Amino acid sequence: MHNHHHHVDTTTSSEEDSTRIGWAFWLNFTFTIIEFIGGWLTNSVAIMADAVHDLGDSLSIGLAWYLSKLGHKASTEKYTYGFKRLSLMGAMINGLILVLGSIWVMSEAIPRLYNPEMPVTEGMIGLAILGIVVNGFAAYKLHGGRSMNEKVLNWHLIEDALGWVAVLAVAIVLHFVEWPILDPILSIVFTLFILVNVVRYVVQTMSLFLQGVPDLATKNAISSTLLAIQHVEEIHHVHLWSLDGEQHVLTAHVVINCAIDNEKLRQLKAEVHKRLAPFELAHTTVEFELPGEPCRDESDHLHAHSHHHKHDEIN
C-alpha cells in the first residue's frame, strides 16, 4: 500500500558547502584576533563592536562547519532520516549568537553617545580596508551556498563587509573633522541593520525546525498534481516538511475511486512517481485508500481542512 522512493542525495554539493564554510571560518577567526587588538589600540567602539560581532561569527561559522560535516553522516537505526537537521540547528544557534552580540554592541555604544571619545583614525582606516578585503573574500567563498546555514553565514559576512565600508567612510570623515559621536552612531545603525535581517532568518529557521511547511505554493502544487491523476478521488493527510530547508519530506493519503488489481496499482504508483519527480523530494510515502476503506489516521476533528476532493477542485 505504500509507494516509497528515495531521492539521490547531492553529497558532492554538500561537501563543497562544508569546504566553503571551513574557508570562511579560518579567515574570520584570524581576522577577529587582529580586530580585537586593533579596536583596543584605536579606541574605536565601532571596531570593538565589530570585533565582538566577528567573534560571534567565528564561533557560529565553526559550529556550522562542524554541523555540516556531521550532517553528511548516513542515517542510523536511531536517526532514520540521517543528520541533516543538525545544520538547521546550527543556523538557529548562529542567529541567536548574532542577536546576543548585537545586544552587547548596543550596551557599549549607547553610553558613548553621551560621552564620545575620539578614535585613532589612521588605524581605523587601515583596519577598515583589511576588513572589507577579508569579509568580502569570505562572503565570495560562501556565495552560491544553498543551505539555510550558508545563507545565514553569508549574511554574517556581507553585513560585516558593508559594516567595514561604513567604518572606512566614518574614519575618513573623522580624520578631517572632529565629530567623535559618529563612532557610536555607526555601531548602533550597523547593529540595527543586522538585527532586522537575522531575526527574519531565525523566524524562518524556527518555522522549519517546528516542521512547518517549507513552501505553501509547493504543497498546494503537489496536492493539485496528485488530484489530477486518473482514479484519484480525494487526498488528505498531506504533510510536507523539510529536513534542512533544502531536502523535503512528503507523506499523503490518496483515495482511489475504483476497484484495483495489482497491474492497475503498479500503473498508479508509476504515475504518482512520475508526477512527483519534478518536486525533487528527498522522501515520499504515499498511501492508497480503496473505495469505502476508513482512513486509519482519521479522527473527526483532525485535519478537516486538509481534505481535497476532485470535484471541489473542478468547481
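Atom set for the values below is all heavy atoms of this structure, side chains included, hydrogens, waters and symmetry mates excluded. As the structure is a prediction and not an experimental result, all values here were calculated from the model.
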If you draw a 6.0 Å radius around [atom1] in [X], do more than 12 non-hydrogen atoms from other residues or ligands fall strictly inside?
X: F36; atom1: CZ; result: yes
X: W179; atom1: CH2; result: no
X: E178; atom1: CD; result: no

Are [X] and [Y] close enough that some pair of their side-chain heavy atoms sits under 4.5 Å apart?
X: K219; Y: H239; answer: no
X: H253; Y: F288; answer: no
X: S44; Y: V120; answer: no
X: F31; Y: N135; answer: yes
X: L250; Y: H283; answer: no
X: V254; Y: E287; answer: no
X: Q267; Y: E263; answer: yes
X: L281; Y: Q247; answer: no

Pairwise distance [atom1]([X]) to [atom2]([Y]) - rounded to 0.5 angstrom:
X: M206; Y: L88; atom1: CE; atom2: CG; value: 10.5 Å
X: K274; Y: I229; atom1: NZ; atom2: CD1; value: 9.5 Å
X: T121; Y: M124; atom1: OG1; atom2: CE; value: 8.0 Å
X: L27; Y: F137; atom1: CG; atom2: CZ; value: 6.5 Å
X: I132; Y: L127; atom1: CD1; atom2: CG; value: 11.0 Å
X: L227; Y: I222; atom1: CG; atom2: CD1; value: 12.5 Å

Least distance between heavy atoms, [X] atom then [Y] atom:
X: N28; Y: T32; result: O-OG1, 2.6 Å
X: V202; Y: G95; result: CG2-CA, 3.6 Å
X: P291; Y: N257; result: CG-C, 3.9 Å
X: S187; Y: A109; result: OG-CB, 3.5 Å

Common cluster, [X]/[Y], ILVMFWY with side-chain heavy-atom separation under 4.5 Å:
X: F176; Y: L168; value: yes
X: V133; Y: V167; value: no
X: I172; Y: I47; value: yes
X: L226; Y: V255; value: no
X: Y66; Y: Y79; value: yes

Can you confirm whether the side chains of H236 and E234 place a donor and an acceptor under 3.5 Å from each other? yes

Have T251 and T285 got a donor and an acceptor in their side chains that come within less than 3.5 Å? no

Could you walk me through whether W241 and L208 satisfy the side chain to side chain contact (heavy atoms under 4.5 Å, CB included) test, starting with their C-alpha distance in whole Å, then the side-chain angles of each, then the deciding distance to 0.1 Å, before giving a yes or no? CA-CA 7 Å; W241 57 279; L208 290 175; over 6 Å; no

Not counting sequence neighbours, which residues clear side-chain hydrogen bond (donor to acceptor under 3.5 Å, both in side chains) with S242? List them please. H248

Using side chain to side chain contact (heavy atoms under 4.5 Å, CB included), reason through V170 and V173 one step at a time and then give a plain yes or no. CA-CA 5 Å; V170 166; V173 171; 5.6 Å; no

Go through T191 and S102 one step at a time and tell me if the side chain to side chain donor-acceptor pair (under 3.5 Å) criterion holds. CA-CA 6 Å; T191 304; S102 300; 5.5 Å; no

Test salt bridge (Lys or Arg N to Asp or Glu O under 4.0 Å) applied to R200 - qualifying residues, sequence neighbours left out: none

Salt-bridge present (R112, E108; N to O < 4.0 Å): no

Using a side-chain heavy atom cutoff under 4.5 Å and only I, L, V, M, F, W and Y, what cluster partners does L113 have? M106, I110, Y114, I181, I185, I188, V189, L192

Intermediate values then yes/no, side chain to side chain contact (heavy atoms under 4.5 Å, CB included), I34 and L130: CA-CA 10 Å; I34 295 168; L130 188 61; 4.2 Å; yes

Could you tell me how the ring of F25 sits relative to the ring of F29: parallel (under 30°), tilted (30 to 60°) or perpendicular (over 60°)? parallel

Side chain to side chain contact (heavy atoms under 4.5 Å, CB included) between H231 and K264, worked out: CA-CA 10 Å; H231 303 309; K264 202 175 249 183; 4.1 Å; yes

